[in-house]
Amino acid sequence: MSTPTAATEPVVDRLATEPGDGLATTTGAGVAAGSRAVLWLALPLAITAALCFLAPLLPLPDPNEQNLRNTLQPPVFAGGDWSHPLGTDKLGRDMLARLLHGGQLTFIIGVAGALVAVVPGALIGLAAGFARGKVDAVVSQLISAQLALPFVLIALPIIIARGQSIWVLLLVLGLTGWAPVARVVRAEAMSVRERQFILGLRAVGASGARIMFRHVLPNLAAVLVVLGTLQVGTAILIESALSFLGMGVVEPDMSWGSILASGQDILKQGWWVSTIPGIAITAVVLLVNLLGDALLVRYDPRKRQY
Amino acid sequence: MRAVDVAIRHDGHDAPTVKGVSLEVGSGEIVGIVGESGSGKTTLAMAVAGLSPYTGAAVDGALEVVGCDLASADRRALKALRADVQVVFQNPHASLDPRQSVRAGFRELRTLQRERTSWISDEELMERVKLSPDLLDRYPHQLSGGQAQRVCIARALLMRPRLLIADEPTSGLDVSVQARVLELLLDVRDRDGIAILFISHDLAVVRLLCDRVYVMRFGEVVESGPTTRVLTEPQDPYTKALIEASPGRHGPGADRLRAVKA
Amino acid sequence: MIVFIARKVGGALVTFAVAITLAFLLSRMSGDPTANILGPFATPDQFESLRERLGLNDPLPVQFLDYLKSAFTADFGESLQYGQSNTQLILERLPNTIVLIVLAMAIAIGIGVPLGVVAATKEGSAWDRLASTVALLGQSMPVFWLGLMLILVFAVNLGLLPAGQDGSLKHVILPAVTLSMYPLAQIARLTRATMAEVLREPYIDAARARGLRSRRIIGVHALRNASMPVVTITALQAGLLLSGAVAVEYVFNYSGFGLLAIQAVEFRDYTLVQAVVAFGVLAFILLNLAVDLLYAVIDPRIRRA
């Protein structure tokens with residue numbers, strides 16, 4: 001991976017399993033390198049998001065303002081001028097403004113979509129992994145069944161019944177995303193559960209629920225952060241796809257996916273309308289994926305997935 | 001506590017891990033259980049602690065701990081037993097929640113048993129186990145093995161148990177550190193009259209700490225009696241073999257350990 | 001062996017039952033679809049007659065049994081748009097999608113595996129890092145956008161793609177390449193990771209010490225062991241492939257199962273959507289079952305489990 005490969009000691013997980021009296025140490029250099037990678041990836045994402053959310057305050061034209069005498073003007077690097085640096089679309093609307101404003105919904109739905117999948121998924125996975133027995137058997141079966149349904153087959157029945165809206169979008173994101181999260185959390189919960197301190201807590205009379213929420217869950221924090229980050233990328237891609245198909249974000253709202261969709265039929269004359277949002281989506285999702293990987297390496301190099 | 005002809009079976013195993021075991025620990029006694037890995041000593045200890053349901057084991061036979069009949073007790077009765085019987089495990093770092101500072105750990109215990117734990121403050125508790133109160137805000141990975149183990153003992157003491165079960169508490173520690181932990185256990189018995197059930201495979205340590213000892217093999221008790229007698233005049237051939245094979249009787253660490261008991 | 005197969009088939013049946021139930025619940029729980037189908041200008045009578053026609057007035061258990069019956073008899077009634085049998089519509093388009101998916105997988109494995117192997121042998125080098133990042137790029141790209149870009153470059157500017165179906169294989173190329181991007185990236189990354197691990201194993205060094213040529217070592221020993229995870233992931237990718245196929249068929253106007261599904265939603269063809277979902281679920285479960293059994297053939301250790 002392009003993240004620094006300096007050996008990183010897992011800080012949190014360093015239980016002294018070796019006999020002897022050695023003080024648990026953390027190799028400062030390794031940890032610092034891991035944190036630097038996380039920072040270098042998180043920074044461009046934060047800046048991009050900030051730009052999008054601050055767009056209304058920037059000196060940009062109104063993204064919805066149509067100007068039918070100025071349609072399909074190319075961007076500045078393809079023959080246009082600086083009045084519209086990224087060109088205009090088929091209704092003469094400024095692309096730069098649309099891109100920045102559209103980013104708001106893309107980011108919001110990305111993060112919300114990730115939460116909607118990770119929170120239920122984590123709770124269910126936690127319950128299954130911790131409780132074991134019949135509860136686990138039922139939940140595992142549910143998880144497999146859910147994973148057997150590709151997201152398209154879930155999205156369709158809902159959309160056809162409900163029509164499209166942001167809420168439907170979030171519902172679809174939640175329903176498709178919870179299962180992979182639950183599967184990972186369940187496995188992690190099962191391994192934490194086996195650790196001795198959990199047994200010790202039973203010995204002092206702590207209840208199952210208490211142990212689950214106050215002890216197992218915090219030890220899963222690192223995994224959840226990584227899963228959440230990666231899920232943001234997935235959510236953005238799914239939202240873009242659905243918006244592109246006309247089933248997600250629609251006029252007058254805009255997201256990068258919907259802007260992309262508006263450029264489909266003018267590929268020859270106005271290629272930038274579809275190309276530019278696509279580049280934006282790819283770049284953001286790439287950064288998010290790299291960030292997730294960097295977080296994974298930073299907190300638990302044993303689980304690297306290259 | 002008293003166990004009479006107890007058998008313990010683990011889920012998924014046909015043969016019982018422990019069978020036909022009778023055991024007794026009176027208040028103020030330090031009783032040892034020795035044996036090799038797989039002899040069933042940990043299983044027995046977990047049963048006495050009332051933790052069998054959580055380790056997937058079922059108990060058969062009469063098992064009475066601090067006046068409570070375990071074999072027939074339900075989960076609620078077992079819970080009431082919690083404070084009276086405490087356990088200290090082998091790996092001190094694995095026994096502490098890596099995300100809780102020492103103080104936070106104590107605080108949680110206090111929340112679980114408010115009245116019972118009000119008899120001593122955090123600082124005094126640390127001093128009781130010969131640790132500096134400065135360590136209260138540290139996290140487990142910032143403690144050495146010996147320090148962590150003493151924190152575990154402190155957590156056990158906080159609950160004012162009548163029986164303390166120590167499952168190989170010193171096996172993961174350096175010899176010099178072991179001595180300090182053992183000193184602490186003796187102190188605990190002497191000052192508070194807490195009975196201790198001490199599990200170990202290390203005969204040298206058992207010899208110095210325990211009043212009586214039970215020798216286990218393949219889930220059965222093969223010999224029992226006062227420690228000095230069993231270890232100097234073993235009756236059972238297995239016990240003899242165990243004593244022959246045990247290192248450290250004449251080693252450098254043994255002298256320090258002997259100094260502990262003196 | 002028989003027991004193993006029976007168990008797997010049983011498991012598949014259970015999963016199918018659960019998945020179908022979930023799909024049913026999802027569509028019913030989303031509320032009354034007639035409003036969405038008919039739009040805001042329909043009269044109450046029209047709503048009522050549509051509801052009757054779709055069987056939505058029946059109690060839920062009855063609806064469920066009806067749904068199950070259609071699933072087992074493969075009769076989903078008629079499409080609201082076309083008036084033709086839904087099953088027939090699906091069966092007409094399905095082969096096209098199958099061709100597309102198979103071709104895409106072939107490309108993904110054919111290019112992805114060698115790429116992963118090469119990257120693994122050069123582990124840690126600049127090439128490796130470059131390849132890994134490019135692979136990650138492939139997984140970050142929206143598949144429909146890639147399709148559009150390919151159309152832009154190859155069709156609009158270079159005129160390689162015929163408009164619509166012309167019966168030849170040409171019109172499958174671009175869609176298949178587009179669809180293969182994501183699985184290709186995943187397979188490449190996974191192959192690289194597994195190969196890298198396998199290459200670190202002591203028995204590889206032992207083989208080298210015995211004088212076996214590098215190529216033989218890699219090709220025969222390492223690859224055989226590294227192929228397991230790749231087979232598994234191929235099965236898991238089936239879901240992604242169908243979703244991807246839907247988008248790709250839409251972009252390229254490729255007349256397959258995916259495009260049918262989209263059109264069904266666009267035109268609010270409720271019955272067709274039900275049929276599509278049931279078929280989709282069945283296909284998935286069957287595919288996973290096939291892979292499970294294949295896995296057992298490849299790795300004898302699994303059979304005894």
Side-chain angles (χ1 to χ4, degrees), chain A residues 1-3 5 141-142 144-164 168 171 175-176 233 236-238 240-242 244-247 256-257 260-261 263-264 267-268 271 274-275 277-279 281-290 293 304-306, chain C residues 14-16 18-19 22-23 26-28 30-33 35-37 124 129 132-133 136-137 139-146 148-149 151-152 156 189-190 192-193 196 236 238-243 246-247 250-251 258 261-262 264-266 268-270 273-274 276-277 280-281 284-285 288:
Chain A
M1 276 313 310
S2 43
T3 49
T5 52
Q141 192 54 259
L142 262 180
S144 312
Q146 171 81 71
L147 287 174
L149 289 174
F151 98 87
V152 140
L153 295 180
I154 299 175
L156 296 191
I158 302 181
I159 293 176
I160 198 176
R162 270 258 169 270
Q164 79 250 341
V168 167
L171 181 63
L175 285 174
T176 52
I236 292 181
L237 284 176
I238 294 184
S240 313
L242 286 175
F244 177 75
L245 295 171
M247 297 184 210
W256 289 343
L260 226 168
Q264 289 179 66
L267 268 186
K268 193 159 188 171
W271 54 267
S274 286
T275 311
I279 296 179
I281 295 175
T282 307
V284 166
V285 174
L286 181 63
L287 280 173
V288 166
N289 282 335
L290 286 172
D293 204 52
R304 280 172 94 159
Q305 233 138 82
Y306 303 93
Chain C
V14 171
T15 312
F16 179 66
V18 177
L22 275 180
L26 277 175
S27 66
R28 290 305 183 274
S30 310
D32 185 359
N36 198 32
I37 297 176
R129 299 247 278 267
S132 296
T133 313
L136 197 54
L137 191 71
Q139 286 185 280
S140 310
M141 210 180 286
V143 71
F144 56 91
W145 180 71
L146 178 64
L148 283 181
M149 294 299 106
I151 290 182
L152 189 60
V156 173
R189 285 176 85 205
L190 185 68
R192 180 210 168 284
L236 292 173
L240 285 167
L241 276 177
L242 182 62
S243 309
V246 169
Y250 182 79
V251 167
I262 298 278
V265 176
E266 270 185 334
R268 318 252 192 270
D269 194 340
Y270 189 75
V273 171
Q274 304 280 77
V276 161
V277 170
V281 170
F284 271 75
I285 308 262
N288 277 303

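Fair warning: this is a prediction, and the values are worked out from it, not measured in the lab. A note on names: the letters A, B, ... follow the listed sequences, proteins ahead of strands, and every chain is numbered from 1.
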Requested in this report: Grab the two heavy atoms, one from C:M149 and one from A:T275, that are nearest each other, plus how far apart they are.
Outcome: CE-OG1, 3.3 Å
Report task. Could you tell me which residues satisfy side chain to side chain contact (heavy atoms under 4.5 Å, CB included) with C:V143, sequence neighbours excluded, listed by chain and number? Result -> C:T178, C:A247, C:V248
Report summary line: Minimal heavy-atom distance between C:Q139 and A:N289, with the atoms involved, is O-ND2, 4.3 Å
Requested in this report: Of all the heavy-atom pairs spanning C:I262 and A:M247, show the shortest one and how long it is.
Outcome: CD1-CE, 3.8 Å
Query raised in the report: What's the spacing between C:S132 OG and A:D293 CG if we round to 0.5 Å?
Result: 9.5 Å
Query raised in the report: Which value, rounded to the nearest 0.5 Å, describes the distance between A:I281 atom CD1 and C:M141 atom CE?
Result: 11.5 Å
**Report entry** Shortest non-hydrogen contact between C:P142 and A:T282, atoms and distance
**Finding:** CD-OG1, 3.4 Å
**Report entry** With A:A241 via side chain to side chain contact (heavy atoms under 4.5 Å, CB included) - residues at least two apart
**Finding:** C:F144
Query - A:I236 versus chain C, the contacting section by heavy-atom distance below 4.5 Å - result: neither
**Report entry** Minimum heavy-atom distance A:Q264-C:L148, with the two atoms named
**Finding:** CG-CD1, 4.4 Å
